[in-house]
Amino acid sequence: MSRLEAKKPSLCKSEPLTSERVRTTLSVLKRMVTSCYGPSGRLKQLHNGFGGYVCTTSQSSALLSHLLVTHPILKILTISVQNHVSSFSDCGLFTAILCCNLIENVQRLGLTPTTVIRLNKHLLSLCISYLKSETCGCRIPVDFSSTQILLCLVRSILTSKPACMLTREETEHVSALILRAFLLTIPENAEGHIILGKSLIVPLKDQRVIDSTVLPGILIEMSEVQLMRLLPIKKSTALKVALFCTTLSGDISDTGEGTVVVSYGVSLENAVLDQLLKLGRQLVSDHVDLVLCQKVIHPSLKQFLNTHRVIAVDRIGVTLMEPLTKMTGTQPIGSLGSISPNSYGSVKDVCTAKFGSKHFFHLIPNEATICSLLLCNRNDTAWDELKLTCQTALHVLQLTLKEPWALLGGGCTETHLAAYIRHKTHNDPKSILKDDECTQTELQLIAEAFCSALESVVGSLEHDGGEILTDMKYGHLWSVQADSPCVANWPDLLSHCGCGLYNSQEELSWSFLRSTRHPFVPQTCLPLEAVGSASNLTLDCLTAKLSGLQVAVETANLILDLSYVIEDKN
């Protein structure tokens, strides 16, 4: 008989952010994500103490998914960042760091949460309005008729992930492949509403990165023996394809969507096999050239199809079903009954291919909106990180196609935005407050905390003890190495700003980041000739950055507004 225990009362804690334990935990999370940020970010190894898979990464998606978070406040923060990353793929670390900085900065001010939240919303609205405006000085248009800006965008994502362990030559090669793979998913004769295809990443581990390549169509991995058994097809027209999502193994327990009628006294196995052969005869009479099955095909049916020069490939797996449906135009067949002529699709051709030690059956499409990116890297750890990075880059390109703008990266957007907010709140506070009950003094305090949080994100890019400067004309970021002399002629030490748009030979003046200085107007309306002349820009995805900014501020406001945390201990 089980022992009965009285229910424990729920644990109620007021003002959770005043708890030293909560502040310490938030500080630890902040230090962890901050140390991962940027091209020189430090890697983290995540593993179970009892053994098993070890994840080496600096990416927020991998980092947060492997963390076991128990405190409710940390759960709110990490889940918000994970939701953002699941929708936009990029700017996860930026979101987490900014959120932690905002919470930390406003706690020192002693203002009421209501005032802080209201003013944070005003400043967020100001930021989003400016970044979307035509006068924005850190937003550039993306021209899809040229690859220059698109390559810069992809390259910026790859170089920000040090665990990929790519050389400069490898970065350029993979960037070009990712862009090509993305462009292949865009229909050639697209008008109006575009339906993109899909890029499939095929693993080729323990190979040189430079051996990576992109092929139109779908690669199905097979053994060399299986490939040798497939009959070659020589046909001048497209090949007719049938795609099955049910098993063709003759398993009585799984007959798909249809039914098998069995007469009294007849063997069930023989009845199902007769049904399969009847299906095979229909496929042959319908002049099908290629039969693809998600599950298993019965050996007798395979032999029957091969005898009639029909290629049969089974064990495709559920992952390839959607891409195959898109590429071939088939409707997956889910029963053993009669097949509708509308269910068939087609491919342009088929062939075999070998890459490294792997053999593939290559389906070549009529229109190349489905492609395979054969991705190589030296080891499992580097390949896993590179795969995640390539998926991020492909998603960012899709977002950019919907909203063809990019933000200057390398920390320049954050410093420029901080300079713009300081100038706006100092010179035109009424346009921000409007009819709000908050005072200008409160606005100045919150604006400084907000700008300091943005600049702290930028400060996270430096991990080796160097200094960060901002210029007083554009409001861009400039890095100085740790071993540089304290008093020096800045143009001799500086080459380009963080995004690479401006060089130090211009007549500029600099100040240290977060140093006391009079608010200035950063130059707006970015000149297009300056963008066109720059060949190696560091860029961020506008859509992902705007979402990250919004999620960071709204999550910080939510956490700051918490008065009680109630935990059920049963």
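The chain is numbered in sequence order, starting from 1.
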[X] and [Y] ion-paired at < 4.0 Å:
X    : Y    : result
R155 : E172 : yes
K545 : E414 : yes
E134 : R139 : yes

Residues E403, L542; criterion side-chain contact (heavy atoms from CB on, under 4.5 Å); working and verdict: CA-CA 8 Å; E403 196 170 3; L542 172 68; 3.7 Å; yes
Please name the pair of heavy atoms, one in [X] and one in [Y], separated by the smallest distance, quoted to 0.1 Å.
X    : Y    : answer
S89  : T392 : O-CG2, 3.7 Å
T415 : G475 : OG1-O, 2.7 Å
V154 : S175 : CG1-CA, 3.8 Å
S479 : L494 : O-CD2, 3.4 Å
L131 : C138 : CD2-SG, 3.7 Å
G137 : L408 : O-CD1, 4.1 Å

Pair [X]-[Y], side-chain donor/acceptor within less than 3.5 Å:
X    : Y    : result
T112 : T114 : no
E448 : Q444 : no
K75  : T70  : no
T389 : Q59  : yes

Sub-4.5 Å side-chain heavy-atom contact between [X] and [Y]:
X    : Y    : answer
T115 : L119 : yes
P203 : W383 : yes
I432 : T425 : yes
L407 : L539 : no
L562 : I76  : yes
V22  : L74  : no
L200 : C371 : no
M165 : N379 : yes

Quick check against the 3.5 Å criterion: does [X] have a side-chain atom that pairs as donor or acceptor with the backbone of [Y]?
X    : Y    : result
H476 : Y502 : no
H84  : Q550 : no
S65  : S61  : yes
R422 : C451 : no
N427 : H423 : yes
N377 : K205 : no
T185 : G197 : no
S35  : M32  : yes
S125 : H122 : no
S27  : R23  : no

Got a second to check how far [X]'s [atom1] is from [Y]'s [atom2], nearest 0.5 Å?
X    : Y    : atom1 : atom2 : value
L26  : L17  : CG    : CG    : 7.0 Å
T56  : D384 : OG1   : CG    : 9.5 Å
L64  : L46  : CG    : CG    : 9.5 Å
T57  : L388 : OG1   : CG    : 6.5 Å
L98  : L93  : CG    : CG    : 12.5 Å
S212 : I201 : OG    : CD1   : 10.5 Å

Worked verdict on T441 versus T439 for side chain to side chain donor-acceptor pair (under 3.5 Å): CA-CA 5 Å; T441 304; T439 65; 4.6 Å; no
H395 ring center within less than 6.0 Å of F88 ring center: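 When the ring centroids of F88 and H395 are compared, they turn out to be at least 6.0 Å apart.
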Near-ring test Y130/H416, centroid separation under 6.0 angstrom: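 Distance test on ring centres: under 6.0 Å, yes.
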Worked check of side-chain contact (heavy atoms from CB on, under 4.5 Å) between F450 and V553: CA-CA 9 Å; F450 195 97; V553 175; 3.8 Å; yes
Residue pair K132, L546: steps toward the side-chain contact (heavy atoms from CB on, under 4.5 Å) verdict: CA-CA 9 Å; K132 285 187 171 183; L546 285 176; 3.6 Å; yes
Intermediate values then yes/no, salt bridge (charged side-chain N to carboxylate O under 4.0 Å, His left out), D464 and R42: CA-CA 10 Å; D464 300 309; R42 304 315 192 224; 2.6 Å; yes
NZ/K198: more than 12 non-hydrogen atoms of other groups inside 6.0 Å: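 Not buried by this count: 12 neighbours or fewer within 6.0 Å.
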Check against side chain to side chain donor-acceptor pair (under 3.5 Å), S431 and D428: CA-CA 6 Å; S431 66; D428 192 14; 3.0 Å; yes
For T167, side-chain contact (heavy atoms from CB on, under 4.5 Å) partners two or more places apart: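 Per chain and number, T167 pairs via side-chain contact (heavy atoms from CB on, under 4.5 Å) with E169, E170, R378.
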Working for side chain to side chain donor-acceptor pair (under 3.5 Å), residues H71 and T25: CA-CA 9 Å; H71 196 280; T25 309; over 6 Å; no
Evaluation steps, side-chain contact (heavy atoms from CB on, under 4.5 Å), between V174 and C390: CA-CA 9 Å; V174 175; C390 290; 4.1 Å; yes
Worked check of side chain to side chain donor-acceptor pair (under 3.5 Å) between K30 and N101: CA-CA 8 Å; K30 177 190 166 183; N101 286 335; 3.0 Å; yes
